[in-house]
Number of protein chains: 2
Amino acid sequence: MAAQLTTPATDPAARVVGLRERKKQRTRDALVEAAHRLFLQQGFGHTTVDEIAAAVDVSQRTFFRYFANKDEVALAVMADAEDYFIECLRGRPAGESPLQALRASIVQCWRDLASSRHDGPSGVTAALELMQMIEDTPTLLAAHLRRITEQEQVVAGLLAAREGLDPAVDLRPKVMAAVFGGVLRSAHLAWSAQPEDSGPDGMIELIERHFDQLGPALAGDWRS
Amino acid sequence: MAAQLTTPATDPAARVVGLRERKKQRTRDALVEAAHRLFLQQGFGHTTVDEIAAAVDVSQRTFFRYFANKDEVALAVMADAEDYFIECLRGRPAGESPLQALRASIVQCWRDLASSRHDGPSGVTAALELMQMIEDTPTLLAAHLRRITEQEQVVAGLLAAREGLDPAVDLRPKVMAAVFGGVLRSAHLAWSAQPEDSGPDGMIELIERHFDQLGPALAGDWRS
DNA sequence: GAGATTATGTCAGCTCCTGACATTCGGCAA
DNA sequence: TTGCCGAATGTCAGGAGCTGACATAATCTC
């Protein structure tokens with residue numbers, strides 16, 4: 001699942017790894033998949049770590065060697081998506097303004113995800129179901145928000161590098177990253193509040209609409 | 001402690017309450033104070049709920065009747081401050097633009113806090129120490145961020161009401177609230193990353209500086 | 001194939017948190 | 001004052017998340 005989202009640039013490196021590492025990757029993937037299946041099936045709170053471990057035929061202790069806590073396995077897919085977004089941002093042309101680059105990156109990221117090869121158990125629809133669950137589970141939402149804010153720091157660093165600025169001196173990169181995060185979270189919230197979950201297309205549209213309101217919202221007078 | 005932050009408008013109501021409610025308030029305050037003292041003294045992770053309860057001579061079960069979890073008691077002061085901010089925002093004149101009102105509210109909020117009567121165990125310095133601890137404790141930071149985003153929804157509702165808009169139709173209130181939250185979080189982060197914690201004045205200055213960068217950050221070209 | 005390294009299992013234990021039930025305390029009226 | 005009702009608290013048992021310590025088994029290296 002992680003491999004599907006890695007950019008082709010880093011993929012062909014595909015150095016030959018031993019049996020040990022392959023096995024580790026397989027159990028990790030199995031844990032993530034089993035966890036997601038159980039979470040969506042019977043809810044996050046009503047699924048114990050023992051159940052997940054048992055489903056993969058692994059001891060509970062081993063589970064905690066792969067994931068620091070129960071939250072982490074639920075956010076694993078999101079983590080991959082975030083990494084992919086960072087790659088998208090890295091690939092934007094230098095000519096774009098920071099805001100343009102961020103907006104284009106997130107839209108491109110969702111489009112690529114939507115048109116991913118197979119939409120199986122690890123496809124977009126599963127990811128969107130996960131997102132819905134995260135939004136509905138307080139403890140997961142909290143952990144997710146913390147991850148998001150950490151990513152904003154990475155984004156700020158990238159923006160600073162793009163423009164050749166020192167992030168310790170110029171506040172614009174961090175402010176821009178925080179604003180971007182806010183707009184995105186607002187769009188996500190609107191998406192999860194929809195009566196019927198529209199697919200990735202609906203998500204993209206909501207993101208666009210929220211970005212469109214950024215300028216008007218900051219304008220001095222809203223009555224126009 | 002909560003009483004110090006309530007706005008004068010609601011304070012004089014001070015309806016006569018029975019011994020029962022007064023007692024409850026006292027134990028709650030005692031729990032918050034003991035918890036904060038222990039947290040700052042030996043860290044959040046190294047303080048057990050049993051210790052806190054024992055410090056107030058109360059059973060562990062009673063603690064959990066006052067606070068849903070260990071995080072909540074740590075964020076209690078922040079919750080009060082957030083409520084006070086909401087009051088500040090409510091009090092802003094209708095002539096101000098949404099952005100102006102938000103910025104003025106948060107600055108005013110901090111100023112009032114700084115010039116609070118006594119800066120004792122529940123004063124600003126203690127609150128700032130708590131903020132530092134929250135920022136340094138992953139689980140607390142996560143819980144705090146979730147609270148913040150909930151407050152943003154409240155702020156969005158207030159902005160919509162100010163401007164007579166339907167938040168279900170017009171996206172500007174929510175986008176504005178999210179952007180505001182982002183800028184604020186960015187400022188908090190910068191504050192907590194400072195080598196030496198400047199007092200509330202330092203916090204206010206950082207907030208102002210971050211707000212000042214909002215326009216420039218969104219500008220198309222950063223090289224100017 | 002032997003030894004070093006690494007992953008896993010087992011076990012004991014702490015801490016957070018909850019439900020159920022008994023007990024005590026404050027409010028209120030006869 | 002007395003006595004009753006409801007609310008707050010204590011006690012107990014237990015589940016679930018998470019960790020350290022140690023033993024065992026699998027993989028890697030030579």
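Only this structure's heavy atoms are used, side chains among them; waters, hydrogens and symmetry mates stay out. Proteins get letters first, then strands, A, B, ... in listed order; numbering begins at 1 in each. Since we're looking at a predicted model, the values are computed, not measured.
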First encountered from the 5' end of DNA chain D, between B/K24 and A/V49
B/K24
Roughly how far, to the nearest 0.5 Å, is the CZ atom of B/R185 from the CG atom of A/L145?
8.0 Å
Report yes or no: does B/Q132 contribute a side-chain atom to a donor-acceptor pair with the main-chain N or O of B/S192 at less than 3.5 Å?
yes
From CD of A/E72 over to P of D/dG17, roughly how many Å is that when rounded to an integer?
15 Å
Taking only side-chain N and O atoms of A/T62, does any of them lie within less than 4.0 angstrom of OP1 or OP2 on C/dG9?
yes
Among C/dT5, C/dG9, C/dC16, find the nucleotide with the atom closest to the side chain of B/F64.
C/dC16
Spacing of A/N69 atom CG relative to C/dC17 atom P, expressed in whole Å:
14 Å
Distance in angstrom units between A/R61 CZ and D/dA25 P, rounded:
19 Å
Take A/R20 and B/R20, find for each the nucleotide of DNA chain C with the closest heavy atom, and name the residue whose nucleotide sits nearer the 5' end.
A/R20
Expressed as a whole number of angstroms, how long is the span from A/F67:CZ to D/dG17:C1'?
16 Å
Parallel, tilted or perpendicular, as decided by the 30° and 60° cut-offs, for the rings of B/F211 and B/F180
tilted
Expressed as a whole number of angstroms, how long is the span from A/Q60:CD to D/dG17:C1'?
7 Å
Side-chain N or O of B/K23 closer than 4.0 Å to phosphate OP1/OP2 of C/dG26:
yes
Once you apply a heavy-atom cut-off of 4.0 Å, does A/F63 come out as touching a base, just sugar-phosphate, or nothing?
nothing
Please work out if B/T47 contacts a base, only the sugar-phosphate, or nothing of the nucleic acid, heavy-atom cut-off 4.0 Å.
sugar-phosphate
Just N and O in the side chain of A/K70: are any of them under 4.0 Å from OP1 or OP2 of D/dA16?
no
When the distance from CG of B/D71 to P of D/dG17 is rounded to whole Å, what number comes out?
17 Å
Need to verify one output field. Residue with the more 5' nearest nucleotide on DNA chain D, A/D50 or B/Y66?
B/Y66
Across the strands shown, which category fits B/S59 at heavy-atom distances under 4.0 angstrom: base, sugar-phosphate, nothing?
base
Using atom CZ of A/R26 as one end and atom C1' of D/dT27 as the other, report the distance to the nearest whole Å.
13 Å
Would you kindly give the CZ-to-P distance between B/R65 and C/dT24, to the nearest whole Å?
15 Å
Hydrogens and angles aside, do B/Q153 and B/T149 bring a side-chain donor and acceptor to less than 3.5 Å of each other?
no
Heavy atoms, side chains only, cut-off 4.5 Å: are B/Y66 and B/K24 in contact?
yes
